[in-house]
Amino acid sequence: MVTAQAKAGRREWIGLAVLVLVTLIISMDMTVLSYALPFITADLEPTGSQLLWITDVYAFVLAGLLIPMGTLGDRIGRRRLLMIGAAVFGVASAATALSTSPGMLIGTRAVMGAAGATLMPSTMSLIRNMFHDENERRAAIGLWAAGFSAGGVIGLVAGGALLQYFSWGTVFEINVPIMLLLLVLAPLLLPEFRDPAAGRLDLLSTVLAFVAVLPMIWGVKQFAEDGIDWPQVSGVVGGLVLLTVFVLRQRRVADPVIDVRLFRAPAFSAAVVMNVLANFALVGFMFFISQYLQLVLGLRPFSAGLWSLPAAGAAGIGAAVLAPMLAQRFRRAYVAAGGLLVGAVGCLVLAQVGDEVGLTQVVVGQALMTGGIAMVLTLSAELIVSTAPPERAGAAAGLSETGSQFGAALGVAILGSIGTFVYRRQLSGTAPDGVPADSWVTARETLGGAVEESRTLSTAAAETLVAVARAAFADELRVAAVVSAGILVVTAVLAAVLLRNVGVSVPGQPAGGSPDPAPPAAAPPPAADPAPTPAAADPAPAAAGPTPTPTTADPAPTPAAASPAPASGAGPAGPAAVPVDAAPVVRADPAAVPVDATVPEGTVTGGTGRADAGSGTEIRIGPESAAPAGHRPAHPVA
């Protein structure tokens, strides 16, 4: 016999530390390249187009493959995919560090992105298998989100520190020992999970998912670089068309890459929306903070990274401490909306910076913004993996990360475009005295260009040019901060509305703060004839407990009659997971089963992947009908 919800042991928590370390490395690789670009440019001499691909190809490939790789992990095994990805990521990192040409560097970075796409959904979906207790899973996802949120800032600090003493290749070489450690510890600490009834992988849908996401991400990023032009518009429109084809195909095929019916659940839809918009504001605005610290306040890269550490700490506290703690006591609508409003307050603090003094506002505002948004990202990740059936957790995790990447790219593009408009408008007048016309044209493009041009001018002209450009960039940052605050407030309203019916517990599981569950079904009157019925002779141990024995008046109750509706936690194969001769285990509502009721050991209850995961941990998606014959429930292997 097993309990309804097994607690995680030491092995699971140590395994979580390994998963958090992996997400930390992946997140670091998104920012660690920032400070290495000048060294790479001097060493490999790439063209402008090659430099753009060196910067963006990792994120492009990562975003395009997240959903397909999440689905692949559901089929071949999430731990197996994680280990394959770790091996490829380590080899590709070493090759990237040893690159001798721009083409080689672009190719190895693309391979790193593909390997990273195998790691991210595997880590999130494995947490779903390792932590079956609701509160423990929420805390685990909080730690996972904290690692991902802090990784970007740590990448800046680590990159600045390494580049002061070593070559640019070392920012990639640090990945190798981490991946080796993962290959050693994964078989010892992490469980394996795959869906034995997943069916074949739809290659056409996999290709559609990649080619739909890739041009959209590219298009919105190019908007920030070059403004609105037909190639960028074509990329976004083409991606949307292919995405529509992808969604229509998922509704028709028997084994979809992502079950679009998941979006019928308000909690799932709200989580995806929060994920996209929160990353829009967070990542889009971080683009301004790094430039402000270095180009306006004049801090060195390493010092700028150190002043960003409070934000990393706030992100860790918000994701790993506040989000799990508050979600146990208050409705998710209140917690999510509260975190988003805290982030909005942080943006308003950042809107107070000046062109000469503003370090305090940056430190405080960035900490509030990242701490509040980290809470929301934790809740959205937990809602996504908890609402989706466990056999689809990998694909759902991939969808979550794709939303993060798309929101980040959209934020950089839109906020960057708004900021560029404000900056150029502030410098729309004639050139200051002593500043040549060509230097003024360059200065009007970016603050970095103005700083570079100032080095070729006389002292008085250089000081004037830099002062004007810094004031314009401060205006740019303030406008972007106000826009980000508005986005977060709108997202808070959406979260409060869409999550209003989601209680304290995981969606679908009655708990404090959620609507009252249906009362237990009344037991039928005792039989007039005390003679045992054929059902009483059934040796199945699941009949133990207060569940009533069928009476002689109804000698042949069928499982369907005992449970007119599937359990709320059932996945697509939920009803088929209960043996026919164990009818007392089938139940219409989790609340209808007494606390001390048990199930036969080894029986897989619908949708959780194991018997001790309890019922009601997911929202039932799709028609409420029995699984087709021969369809087996998902269950962990090894």
(request) Mind listing the closest non-hydrogen atom pair of Ala115 and Gly85 along with its distance? (result) CB-O, 3.6 Å
(message) Using modelled atom types and a 3.5 Å cut-off, is there a donor and acceptor pairing between side-chain atoms of Glu476 and backbone atoms of Val422?
(response) no
(message) Just so I know, are the side chains of Leu350 and Ile289 near enough to count as touching, which here means a heavy-atom distance under 4.5 Å?
(response) yes
(message) Once salt bridge (Lys or Arg N to Asp or Glu O under 4.0 Å) is applied, do any residues pair with Arg80, and if so which ones, sequence neighbours excluded?
(response) none
(message) Do Leu72 and Met69 make a side-chain contact, defined as non-hydrogen atoms from C-beta onward lying under 4.5 Å apart?
(response) yes
(request) Assess whether side chain to side chain contact (heavy atoms under 4.5 Å, CB included) is satisfied between Met112 and Asn175, documenting all intermediate values. (result) CA-CA 11 Å; Met112 287 181 65; Asn175 299 333; 3.7 Å; yes
(message) Would the distance check show the side chain of Tyr58 and the main-chain N or O of Ala110 forming a donor-acceptor pair, the cut-off being under 3.5 Å?
(response) no
(request) Please check if the side chain of Thr370 supplies one atom and the backbone of Ala311 the other of a donor-acceptor pair under 3.5 Å. (result) yes
(message) Please report the interatomic distance CG(Leu498) to CZ(Phe268), rounded to the nearest 0.5 Å.
(response) 13.5 Å
(request) Keeping the roles fixed (side chain from Gln250, backbone from Phe246), state whether a donor-acceptor pair exists under 3.5 Å. (result) yes
(message) Restricting to non-hydrogen atoms, name the atom on Leu383 and the atom on Ala271 that form the minimum distance, rounded to 0.1 Å.
(response) CB-CB, 3.8 Å
(request) Verify, without hydrogens or angle tests, whether Glu382 (side chain) and Arg137 (backbone) share a donor-acceptor contact under 3.5 angstrom. (result) no
(request) Start with the C-alpha gap between Val479 and Phe421, add the side-chain angles, then the distance that decides, and say whether side chain to side chain contact (heavy atoms under 4.5 Å, CB included) holds. (result) CA-CA 10 Å; Val479 171; Phe421 172 79; over 6 Å; no
(request) Spell out, as yes or no, whether a donor-acceptor pair under 3.5 Å connects the side chain of Arg500 to the backbone of Val497. (result) yes
(request) Ignoring hydrogens and angles, tell me if any N or O in the side chain of Asn279 forms a donor-acceptor pair with the backbone of Asn275 under 3.5 Å. (result) yes
(request) Decide yes or no on side chain to side chain contact (heavy atoms under 4.5 Å, CB included) for Met216 and Leu243, but give the supporting numbers first. (result) CA-CA 10 Å; Met216 284 194 295; Leu243 181 63; 4.1 Å; yes
(message) Less than 4.5 Å apart, side chain to side chain, heavy atoms only: is that true for Val88 and Thr118?
(response) no
(message) Using every non-hydrogen atom in the two residues, find where Ala381 and Trp144 come nearest and quote the distance to one decimal.
(response) CB-CZ3, 4.4 Å
(message) Can you tell me how far apart CD1 (Ile141) and OG1 (Thr123) are? Round to the nearest 0.5 Å.
(response) 10.5 Å
(request) Return the minimal non-hydrogen interatomic distance between Gly346 and Leu368, and the atom names on each side. (result) CA-CB, 3.7 Å
(request) With the side chain counted from C-beta on, respond yes when Val482 and Cys347 share a heavy-atom pair under 4.5 Å apart, and no when they do not. (result) no
(request) Looking only at non-hydrogen atoms, find the nearest pair between Ala336 and Met274 and report the distance. (result) CB-SD, 3.7 Å
(request) With sequence neighbours excluded, tell me which residues meet side-chain hydrogen bond (donor to acceptor under 3.5 Å, both in side chains) with Thr108. (result) Thr96
(request) Find the distance between CG (Leu282) and CE (Met369) and round it off to the nearest 0.5 Å. (result) 5.5 Å
(message) Under a 3.5 Å cutoff, is there a donor and acceptor pairing between the side chains of Ser122 and Arg78?
(response) no
(message) Could you measure the distance from the CG atom of Leu208 to the CG atom of Leu242? Nearest 0.5 Å is fine.
(response) 6.5 Å
(message) With heavy-atom distances below 4.5 Å as the criterion, would you say the side chains of Leu19 and Leu143 are in contact?
(response) no
(message) Does any part of the side chain of Ile25, heavy atoms only, come nearer than 4.5 Å to the side chain of Phe89, both counted from C-beta?
(response) yes
(request) Determine the minimum heavy-atom distance between Ala86 and Leu119, stating which atoms define it. (result) N-CD2, 3.6 Å
(message) Nearest 0.5 Å, please: how far is OG in Ser484 from CG in Leu348?
(response) 10.0 Å
(request) Taking the side chain as every heavy atom from C-beta outward, state whether Leu488 and Leu341 have any atom pair closer than 4.5 Å. (result) no
(message) To the nearest 0.5 Å, what is the distance between CD1 on Ile487 and CG on Leu340?
(response) 11.5 Å
(message) Could you tell me if the side chain of Leu499 sits less than 4.5 Å from the side chain of Arg331, heavy atoms only?
(response) no
